[in-house]
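Numbering of ligands and ligand atoms starts at 1, following listing order. Counting from 1, the numbers follow the sequence of the chain as shown. Atoms considered below: every heavy atom in the structure, side chains included; atoms not considered: hydrogens, waters and symmetry mates.
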Amino acid sequence: MIGYGQAHGKVILMGEHSVVYGYPAIAIPFFEAKVICEVYPRDGAIWLESDFYTGELLAAPVERAHLVSAIHSSLDYLNQERKDLTIKIKSDLPSSRGLGSSAAVAVAMIRAIFHYFRRNISEQELITLAHEAEKIAHGNPSGIDVLTTAFDRPIWFRKGGEDRQSKELKPMDIEVSAYLVVGDTAILGQTREAVLKIAQSKGAKSEVTEKRLAELGEYTVQAQECIKENEPLKLGDLMSKAHANLKELGVSHPALDRLVDKAMHMGALGAKLTGGGLGGCMICLTDSYQKAQEIAAGLEQEGAKGTWIYPMSKALRDMPEQTQTLH
Ligand code: PMV
């Protein structure tokens, strides 16, 4: 008997960081890279096999505590003992790059454990268990990573208050005549630190921080309009404005800024960091596939270690030559 579970990455188009404070965000599933988990029987302590660590689960490095928690809480939830399993993780989703790898690993892992014990998992059970693991990974996660890595549609998301009453979660149709290029700095992003940095300056009642977060929220609202109206030029402009704010909030990185500047010099409609920042990935928008290819090549010359092109409408995605992945 084996258990199997998988999940994909995510790209935040607009609203990272401000989403933690109740402003909306727009996120897109990133199908180009996946996490796969397999669970096998064994006798004794739980054994973990992955690129980052192989050995007994309880001896896993402290930065994998969220994973240990996802495994233990799934087993506890299913009234199973914390033993007698080998768990294998295979991933081509680069970790700590703002592409949601910690959430994707948790989602794939929870699915695999439920599958191993032949138990169905509801959407709500999956979200709740993965969110608990994300709290350990990120401190105060908005929940957007879990929702985008677990399901297949772009989403509009606004985290609820304490009572969760004001929470908004809507699948979005994104039909914009444009291409998104993702560029990976290969520098490890630091979501936890970045979230903490903003929390500290917010806690110190920084008016600038409040203002920049509110503006980020406003740009996201406007971006939703641009998506509805198919206005890539305006959408690009909002992305660049969002990057300026994120930079001012102190969560960018010189390598991200370099790639953002390069993309803009090469004619992108807009560019920004994506995800937690302090490293990780950036995204930019282009008006043609050829421009997307040129910019992807330019980003690689500028030091990007990987680039991906994502057509922003189904019609564009259905053209086979345009779904190719560049590395
Ligand atoms: O770095 P990632 O892929 O985990 O994205 C984090 C997104 C933040 O808005 C910065 C944090 C959150 O929990 O929403």
*When you measure from atom 3 (O) of ligand 1 to each heavy atom in Gln190, Lys10, Glu16, which option holds the nearest one?*
Lys10
*Does Leu75 offer a backbone N or O that forms a donor-acceptor pair with the side chain of Gln80 under 3.5 Å?*
no
*So is Gly98 in contact with ligand 1, going by heavy-atom distances below 4.0 Å?*
yes
*Answer with side chain, backbone, both or neither: which part of Leu99 has a heavy atom less than 4.0 angstrom from an atom of ligand 1?*
backbone
*Can you list the atoms of ligand 1 that are under 4.0 Å from a heavy atom of Val19?*
9 (O), 14 (O)
*Subset of ligand 1 atoms that lie under 4.0 Å from at least one heavy atom of Pro141*: 13 (O)
*Report, in ascending order of atom number, the atoms of ligand 1 lying under 4.0 Å from any heavy atom of Ile144.*
14 (O)
*Report yes or no: does Lys159 have a heavy atom closer than 4.0 Å to ligand 1?*
no
*Is the shortest distance from a Lys or Arg side-chain nitrogen in Glu16 or Lys272 to a carboxylate oxygen in the other one below 4.0 Å?*
yes
_To check your reading of the model: name the closest protein heavy atom to atom 14 (O) of ligand 1, its residue, and the distance in Å._
Ser142 OG, 2.5 Å
*Should Gly100 be counted as touching ligand 1, given the test is an N or O pair under 3.5 Å?*
yes
*Between Thr274, Val11, Asp145, Val20, flag the one that comes closest to atom 2 (P) of ligand 1 by a heavy atom.*
Asp145
_Contact between Trp47 and Glu56 at the side-chain level, heavy atoms closer than 4.5 Å - yes or no?_
yes
*asked:* Between His17 (side chain only) and Gly276 (backbone N and O only), is there a donor and an acceptor less than 3.5 Å apart?
replied: yes
*Mind telling me whether Tyr289 and Tyr179 have parallel, tilted or perpendicular rings, with 30° and 60° as the class edges?*
tilted
*For atom 8 (C) of ligand 1, which protein heavy atom lies nearest, and how many Å away is it?*
His17 N, 4.0 Å
_Contact check: Gly276 vs ligand 1, nitrogen or oxygen atoms, below 3.5 angstrom_ = yes
*What atoms in ligand 1 come closer than 4.0 Å to a heavy atom of Thr191?*
1 (O), 2 (P), 4 (O), 6 (C)
*With a 4.5 Å limit on heavy-atom distance, are the side chains of Phe114 and Asn120 in contact?*
no
*Do the non-hydrogen side-chain atoms of Pro141 and Lys135 ever get within less than 4.5 Å of each other?*
yes
_Show me which atoms of ligand 1 lie under 4.0 Å from any heavy atom of Ile12._
7 (C)
_ILVMFWY clustering at 4.5 Å (side-chain atoms), partners of Tyr40_ = Ile2
*Main-chain N/O of Lys314 paired to Glu175 side chain as donor or acceptor, under 3.5 Å*: yes
